[in-house]
**Q** 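The structure is given below, and queries will be raised subsequently.
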Number of protein chains: 2
Amino acid sequence: MSRRSGILEFAVLGLLRESPMHGYELRKRLNTSLGVFRAFSYGTLYPCLKTLVASGWLIEEPAAGPSDAPAPLTGRRAKIVYRLTAEGKEHFEDLLSQTGPDAYEDEHFAARFAFFGQTSRDVRMRVLEGRRSRLEERLEKMRLSFARTRERLDDYTLELQRHGMESVEREVRWLNELIESERAGRDQRKPGPGDAAQQDTSGETGGLPRHRDSTRPDPSDDTAT
Amino acid sequence: MSRRSGILEFAVLGLLRESPMHGYELRKRLNTSLGVFRAFSYGTLYPCLKTLVASGWLIEEPAAGPSDAPAPLTGRRAKIVYRLTAEGKEHFEDLLSQTGPDAYEDEHFAARFAFFGQTSRDVRMRVLEGRRSRLEERLEKMRLSFARTRERLDDYTLELQRHGMESVEREVRWLNELIESERAGRDQRKPGPGDAAQQDTSGETGGLPRHRDSTRPDPSDDTAT
DNA sequence: AATTTCATGTAATTCGTTACATGATTCC
DNA sequence: GGAATCATGTAACGAATTACATGAAATT
């Protein structure tokens with residue numbers, strides 16, 4: 001039960017849905033798919049993979065050598081390829097279409113959004129609207145708090161709060177555009193590489209309603225630096 | 001050495017610089033001063049206060065009763081008021097004017113910004129410019145990564161990244177305006193209440209360059225809810 | 001009298017990172 | 001043959017949360 005993260009688990013499932021991969025590659029892909037707002041290290045990823053295997057959502061496969069020699073297992077370190085099971089696929093789709101309260105939090109939402117291509121417009125609409133409600137709640141609280149404390153706080157603190165509110169407002173406008181797009185059903189969408197999923201008409205024009213951290217020194221990965 | 005947080009420590013020092021307080025009140029103030037982007041629980045705050053005392057930056061004082069009875073210490077739970085020492089004050093000012101690499105990370109920067117009123121324009125300028133550089137670096141990486149992966153990723157993922165970049169760009173514009181303001185010497189502007197600020201054109205007038213999480217169920221506190 | 005809010009703390013748990021340990025493969 | 005990068009893992013630590021434990025003061 002240790003080492004679960006929700007987001008990591010979800011993203012791993014989503015990436016493996018496209019194609020089987022081993023851990024090292026998975027981490028690189030994670031950091032470009034989610035990388036803008038989230039990064040994970042091996043110390044998190046490998047243990048997480050183990051628990052996903054234990055849950056029956058993944059299976060480990062010995063990697064094929066460059067020549068198709070029969071999986072060199074002994075005497076050298078195994079290179080493990082992870083493949084999504086049918087149960088794993090099902091679980092991922094459950095997660096993707098879930099609309100519990102958590103589904104609309106910043107990172108949860110961003111992670112779901114990154115895999116929107118793998119779900120139906122119906123689900124996308126619900127998630128986008130749920131996210132919007134969450135932000136509007138947040139905004140309401142921020143406005144109240146701002147009104148209550150504006151007298152007592154100095155200008156820089158106030159400015160910080162004002163800008164925070166504007167950021168949230170901006171995200172709400174974004175969501176409005178995305179929702180509009182979904183509703184209009186314009187899809188110019190080219191399916192992702194691995195694609196999968198009947199993602200017929202989907203349409204969307206807007207984008208990410210989150211931006212978040214990426215504060216960390218960026219252990220991202222490939223090229224760069 | 002356990003239980004330190006940098007940001008929490010810094011903010012506690014900054015708030016106590018204004019006036020002595022006990023832990024309970026401190027937490028409330030924390031969540032309105034920094035609350036937009038950061039919240040702390042008692043489980044973090046109280047142990048942190050202990051280490052600050054151990055470092056000599058705070059001293060504990062028994063609280064005065066409502067009547068000025070001499071500090072009812074025995075037989076009932078002490079209500080501890082924390083007061084900043086001279087060393088603590090000095091340490092806070094050091095922290096505030098420090099320009100190490102950490103100083104420009106999202107939350108660090110926001111925390112410093114919230115206490116900008118307690119430092120010199122000189123320091124403010126350096127921090128704002130440092131922050132801007134950091135964001136420009138970030139942007140550069142994001143653009144590279146975007147260019148490298150745009151072929152392989154599906155539209156929603158791409159949109160997520162695009163919006164992320166726009167958010168950072170927006171923050172940079174904000175910083176530019178703040179820096180302009182500081183340079184012009186209008187730093188005591190009070191855009192808050194009456195002003196309402198720049199509707200559309202002219203963008204925003206100053207403000208927080210971060211907005212961040214506040215995902216948590218908001219243990220904020222007072223009124224609200 | 002009961003409930004809420006004030007007030008202080010500790011223990012267990014969660015989520016994650018960095019540093020370490022190990023070794024194969026590929027490029028120069 | 002040496003460096004970089006691919007590849008997999010573990011141990012120690014860090015930062016913060018939630019749930020628990022306790023109790024006083026104010027409000028209704």
Side-chain angles (χ1 to χ4, degrees), chain A residues 1-10 21-31 38-51 53 60 62-63 65-67 69 72-82 102 105 107-108 213 215-225, chain B residues 1-11 21-31 34 38-51 53 60 62-63 65-67 69 72-82 107-108 213 215-225:
Chain A
M1 251 336 135
S2 56
R3 304 296 178 181
R4 301 204 309 104
S5 132
I7 287 169
L8 177 57
E9 179 183 311
F10 174 78
M21 258 176 269
H22 52 252
Y24 190 85
E25 194 183 348
L26 208 38
R27 177 177 164 273
K28 282 200 304 181
R29 298 272 274 122
L30 273 172
N31 290 335
R38 200 66 157 95
F40 291 99
S41 62
Y42 297 127
T44 317
L45 176 59
Y46 284 116
C48 173
L49 285 169
K50 294 296 175 200
T51 73
V53 169
E60 301 182 344
S67 53
L73 243 302
T74 39
R76 49 148 75 181
R77 179 174 285 257
K79 183 166 150 185
I80 303 166
V81 169
Y82 292 90
D102 267 13
E105 300 309 328
E107 299 200 352
H108 265 86
D213 218 337
T215 281
R216 300 99 181 168
D218 195 0
S220 36
D221 62 292
D222 43 63
T223 41
T225 296
Chain B
M1 248 341 134
S2 56
R3 307 294 177 181
R4 302 206 309 102
S5 132
I7 288 168
L8 177 57
E9 180 183 310
F10 174 78
M21 258 175 268
H22 51 252
Y24 191 86
E25 193 182 348
L26 208 38
R27 177 177 164 273
K28 282 200 304 180
R29 296 271 275 123
L30 273 172
N31 290 335
L34 306 179
R38 202 65 157 94
F40 291 98
S41 61
Y42 297 128
T44 316
L45 176 59
Y46 284 116
C48 174
L49 285 169
K50 294 296 175 198
T51 72
V53 169
E60 301 181 344
S67 53
L73 244 302
T74 39
R76 49 146 79 184
R77 178 172 288 253
K79 182 166 150 183
I80 303 167
V81 168
Y82 291 90
E107 298 200 352
H108 264 86
D213 221 337
T215 280
R216 301 102 181 166
D218 196 358
S220 39
D221 63 292
D222 45 60
T223 41
T225 299

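Numbers restart at 1 for each chain; the letters A, B, ... are given by sequence-line order, proteins then strands. Please read all numbers here as calculations on a predicted model, not as lab measurements. The figures that follow rest on heavy atoms only: side chains count, while hydrogens, waters and symmetry mates do not.
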**Q** What nucleotide among C:dT10, C:dT8, C:dT18 has an atom nearest to a side-chain atom of B:His22?
**A**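 That would be C:dT8.
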
**Q** Quick one: A:Glu107 CD to C:dC15 P, roughly how many Å, whole number?
**A**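 Going from CD in A:Glu107 over to P in C:dC15 covers 12 Å.
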
**Q** Considering only side-chain heavy atoms of A:Lys79, which listed nucleotide, D:dA7, C:dC15, D:dG9, is closest?
**A**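 For A:Lys79, the side-chain atoms sit closest to D:dA7.
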
**Q** Heavy atoms only: give me the nearest A:Gly23-A:Leu45 pair and the separation to one decimal.
**A**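 The pair with the smallest heavy-atom distance is O-CD2, 3.4 Å.
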
**Q** So which heavy atom on B:Ile80 is nearest to which on B:Lys50, and how close?
**A**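 Nearest pair, atom of B:Ile80 first, then B:Lys50: CD1-NZ, 4.3 Å.
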
**Q** Output yes when at least one side-chain N/O atom of A:Ser41 is less than 4.0 Å from OP1 or OP2 of C:dG16, else no.
**A**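 For C:dG16, neither OP1 nor OP2 has a side-chain N or O of A:Ser41 closer than 4.0 Å.
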
**Q** So, OP1 or OP2 of D:dA7: does either fall under 4.0 Å of a side-chain N or O from A:Lys28?
**A**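 For D:dA7, OP1/OP2 do not have a side-chain N/O of A:Lys28 under 4.0 Å.
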
**Q** Indicate whether OP1 or OP2 belonging to C:dA7 is found under 4.0 Å from a side-chain N or O atom of B:Arg27.
**A**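 No.
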
**Q** So which nucleotide from D:dA16, C:dA7, D:dT8 ends up closest to the side chain of B:Phe40?
**A**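 Nearest to the side-chain atoms of B:Phe40, counting from C-beta on, is D:dA16.
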
**Q** Could you tell me how far apart A:Leu30 (CG) and C:dG16 (C1') are, to the nearest whole angstrom?
**A**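 The distance from CG of A:Leu30 to C1' of C:dG16 comes to 14 Å, rounded to the nearest Å.
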
**Q** In whole Å, I'd like the distance from the CG atom of A:Leu45 to the P atom of D:dT8.
**A**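 After rounding, the gap between these two atoms is 9 Å.
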
**Q** What nucleotide among C:dG16, D:dT10, C:dT5 has an atom nearest to a side-chain atom of A:Pro47?
**A**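 Nucleotide nearest to A:Pro47's side chain: D:dT10.
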
**Q** Side chain of A:Tyr46 only, please: which of D:dG9, C:dA7, D:dC6 is the nearest?
**A**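 For the A:Tyr46 side chain, the nearest candidate turns out to be D:dG9.
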
**Q** Measure CZ/A:Phe10 against P/C:dC15 and give the value in whole Å, please.
**A**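 Nearest whole value for this atom pair: 16 Å.
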
**Q** Any idea which heavy atoms bring B:Ile7 and B:His108 closest together, and the distance?
**A**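 Smallest heavy-atom distance, with atoms named: CD1-N, 3.8 Å.
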
**Q** Under 4.0 Å: is that the gap between some side-chain N or O of B:Thr44 and OP1 or OP2 of D:dA15?
**A**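 B:Thr44 to D:dA15 OP1/OP2: no side-chain N or O under 4.0 Å.
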
**Q** Using whole Å, what does the distance between atom P of nucleotide C:dC6 and atom OH of B:Tyr24 come to?
**A**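 Rounded to whole Å, this separation is 4 Å.
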
**Q** What pair of heavy atoms forms the shortest contact from B:Arg27 to B:Ser41, and how long is it?
**A**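 Heavy atoms only, the tightest pair is NE-CA, 4.1 Å.
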
**Q** What pair of heavy atoms forms the shortest contact from A:Leu30 to A:Phe40, and how long is it?
**A**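 Answer, listing the atom of A:Leu30 first, then A:Phe40: CD1-CD1, 4.5 Å.
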
**Q** Taking only N and O in the side chain of B:Tyr42, is any of them less than 4.0 Å away from OP1 or OP2 of C:dT8?
**A**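 Checking B:Tyr42 against C:dT8: no side-chain N or O falls below 4.0 Å of OP1 or OP2.
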
